[in-house]
Amino acid sequence: MQVLYKSTRSDQAPIKASQAVLKGLSDDGGLFVPDHIPAFDHTMGEFAAMDYRETAYQVMKLLLSDYTEEELRYCIEHAYDSKFDIPTMTALHETSHAYYMELFHGPTLAFKDMALSILPYLLTTAARKNGMDKEIVILTATSGDTGKAALAGFADVPGTRIMVFYPREGVSTIQERQMVTQKGANTKVVGIWGNFDDAQTSVKQIFTDEGLRAEMDKKGFCFSSANSINIGRLVPQIVYYVYAYAELLRQGKIKEGDPVNFAVPTGNFGNILAAYYAKRMGLPVGRLVCASNSNKVLFDFFKTGCYDRRRDFVLTTSPSMDILISSNLERLLYHISGDDYRTAARLMRQLSEEGAYEITPQMREALELFRGGYAEDRDTAERIHQVFEMDGYVLDPHTAVASYVYDLYVEKTGDTTPAVIDFTASPYKFERAVMSALGKPSDLPDLDLADQLCQVSGIPVPAAISGLRTARTMHRTVCDREDMEKEVRDFLGL
Ligand SMILES: *Cc1c(COP(=O)(O)O)cnc(C)c1O
């Protein structure tokens, strides 16, 4: 049965997957959700015989059901190629305490590459399928990693333009350099004086501004999103949970059907939501451990059932998780309320008007799969040091947050289920924080720390990092939050 997509906030007529990918966000401000969640049509044992690309096809075809086999295989083949520095795309690394699923082997060194390298193909294919002849304008807010991964994916893709807004003072030096050196005539990067939530909220407003949409339409443009609010981002992320499980099977670490726990460093709740969908589709998952940094709004939510963003936004050493409004939680709320758009719409209205909401006891019961935890910067640094001492393995700060939280979870529960921790970014993106956690703080400028980190870790400096030293700055615009729409208009000549 074909999967169609509905809005989390109203009972608008369902649309096809390719149309949801094209639109990104529903007109009513809601997110697109599948009208039913299909089950895998392969056993885990069968998945264990597939490589990453085949797994990707067999998983994605279920949710992107109006793409033909030929179309989807074309997207996969072109996205998942030698841009990734290992042929298996991801690697499972065994340590004394857990498995780490390395998701940073793509061109921009963050797990976001797993989805953002394929999204441009999904999107341009969707445009073709739907006879859409407008130029697609990708508007994206980033907490640091989405921006670069999206820019790399969309640069010079015909029929598209991409504009990225990032918090000027809320990303690492390397993350910023990666973005502002982006080439491509169709790209634009703008820093804003504000945090990620400001950027994301404004982008959503610009998206749903009907006046602007009408003007764009006249000029032959239409908006789409590369944020994880787009189902074209979420669906490719389901794949690596299946692949990790299959890898454990292949290596004989588990038996078919055994549960596996996953720990996910979380910001916008996209990555962990993909794990939730994987579970609903039939992956044997024990627990999903949602790890936050000091912006621990999700930890509080899982503990109390109350989501409250009325608190100070904290800048941490794990900037890609510095978020107080986790967009994708809206999808989970919708599902745990029994696919009820009224509930999701009401809670989201409360969040925007009052800054907080509380879910019902019944909804809380449906969250049994999840556990929350958080790590402060001090804990994160200690964990990087500790894992290096124990296993000679260097974590990035985001992964270290998850590792710390998982360790605490095991200590509290005694749960001995095999665990996979998502390793979400290369330590080279956060050199300063990592070097200082390893007890080797340095006065060198950030771009010169790579060689030192290489000496300590033994991991070769990725080309994406060494090239930054000489790369030219292409983007210098910084604006106030109120001027974001004006920047969009300028970029499009409206
Ligand atoms: C984006 C990001 C996260 C958070 O992922 P979400 O899907 O937003 O929850 C965690 N770690 C790194 C390195 C990231 O780039």
Side-chain angles (χ1 to χ4, degrees), residues 31 100-116 119 140-152 164 166-167 170-172 174-176 178-179 196-197 199-200 225-238 240-241 262-278 288-293 295-299 301-302 316-332 370 372 374-375 380 384 395-405 421-431 433-434:
L31 308 189
Y100 287 86
M101 180 164 49
E102 296 182 353
L103 299 168
F104 57 79
H105 290 281
T108 75
L109 312 179
F111 85 91
K112 308 252 184 355
D113 287 324
M114 307 304 296
L116 281 164
L119 184 64
T140 289
T142 183
S143 57
D145 288 327
T146 290
K148 181 61 183 182
L151 287 161
V164 169
Y166 73 95
V171 302
S172 82
I174 302 288
Q175 287 177 313
E176 179 172 44
Q178 280 188 302
M179 288 188 276
F196 171 75
D197 287 332
Q200 175 164 258
S225 170
N227 281 110
S228 52
I229 54 178
N230 193 320
I231 58 136
R233 269 283 298 278
L234 276 181
V235 173
Q237 295 186 176
I238 298 171
Y240 45 72
Y241 290 99
F262 289 91
V264 186
T266 298
N268 224 0
F269 210 76
N271 204 2
I272 195 165
L273 187 76
Y276 167 81
Y277 280 130
L288 294 177
V289 175
C290 174
S292 305
N293 62 23
N295 296 293
K296 60 183 184 62
V297 64
L298 287 166
F299 166 78
F301 171 72
F302 284 117
T316 71
T317 52
S318 44
S320 302
M321 297 155 69
D322 290 347
I323 295 176
L324 292 178
I325 307 172
S326 295
S327 287
N328 274 296
L329 194 63
E330 180 171 346
R331 288 185 163 110
L332 185 66
F370 293 89
Y374 72 101
T380 307
I384 291 176
L395 306 181
D396 97 288
H398 304 76
T399 308
V401 166
S403 179
Y404 174 88
V405 166
I421 297 172
D422 282 8
F423 198 142
T424 49
S426 161
Y428 279 98
K429 292 192 97 163
F430 309 96
E431 294 162 350
V434 172

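Each ligand, and each atom within it, is numbered from 1 in the order the structure gives. Heavy-atom basis, side chains included; hydrogens, waters and symmetry copies ignored.
Of all protein heavy atoms, the one closest to atom 7 (O) of ligand 1 is Asn271 N, 2.8 Å. Scanning the protein heavy atoms around atom 10 (C) of ligand 1, the nearest turns out to be Pro265 O, 3.4 Å. Summary of contacts: the protein heavy atom closest to atom 11 (N) of ligand 1 is Thr424 OG1, 2.9 Å. Distance from atom 6 (P) of ligand 1 to its nearest protein heavy atom, with residue and atom name: Asn268 N, 3.6 Å.
To the nearest 0.5 Å, atoms CG (Leu31) and OG (Ser228) are separated by 9.0 Å. For the atom pair Ile174 CD1 and Glu176 CD, the distance stands at 10.5 Å (nearest 0.5 Å). To the nearest 0.5 Å, atoms CD1 (Ile272) and CG (Leu288) are separated by 5.0 Å.
Looking at Thr140, Asn227, Thr142, Asn268 one by one, the single match for side-chain hydrogen bond (donor to acceptor under 3.5 Å, both in side chains) with Gln200 turns out to be Asn268.
Near Ser320, the atoms of ligand 1 lying under 4.0 angstrom from a non-hydrogen atom of the residue are 2 (C), 12 (C), 14 (C), 15 (O). Proximity to Gly270 (heavy-atom distance under 4.0 Å) selects the following atoms of ligand 1: 6 (P), 7 (O), 9 (O).
Within the set Lys112, Lys429, His398, Gln175, the minimum heavy-atom distance to atom 2 (C) of ligand 1 is found for Lys112. For atom 9 (O) of ligand 1, the choice among Gly267, Cys290, Pro397 with the nearest heavy atom turns out to be Gly267. By heavy-atom distance, the residue among Asp145, Thr266, Leu273 lying nearest atom 15 (O) of ligand 1 is Asp145.
Relative ring orientation between Phe370 and Phe269 is described as tilted, the plane-to-plane angle lying within the 30° to 60° band.
Here Phe111 has side-chain heavy atoms under 4.0 Å from ligand 1, and that is the only part of it that gets that close.
Defined by atom type and a distance below 3.5 Å, a donor-acceptor pair is missing between the side-chain atoms of Asn230 and Arg233. A donor atom on one side chain and an acceptor atom on the other are found under 3.5 Å apart for Asp113 and Thr108. Side-chain contact of Tyr241 with Asp422: a donor-acceptor pair under 3.5 Å is present, judged by distance alone.
Distances from ligand 1 to the non-hydrogen atoms of Phe104 include no value under 4.0 Å.
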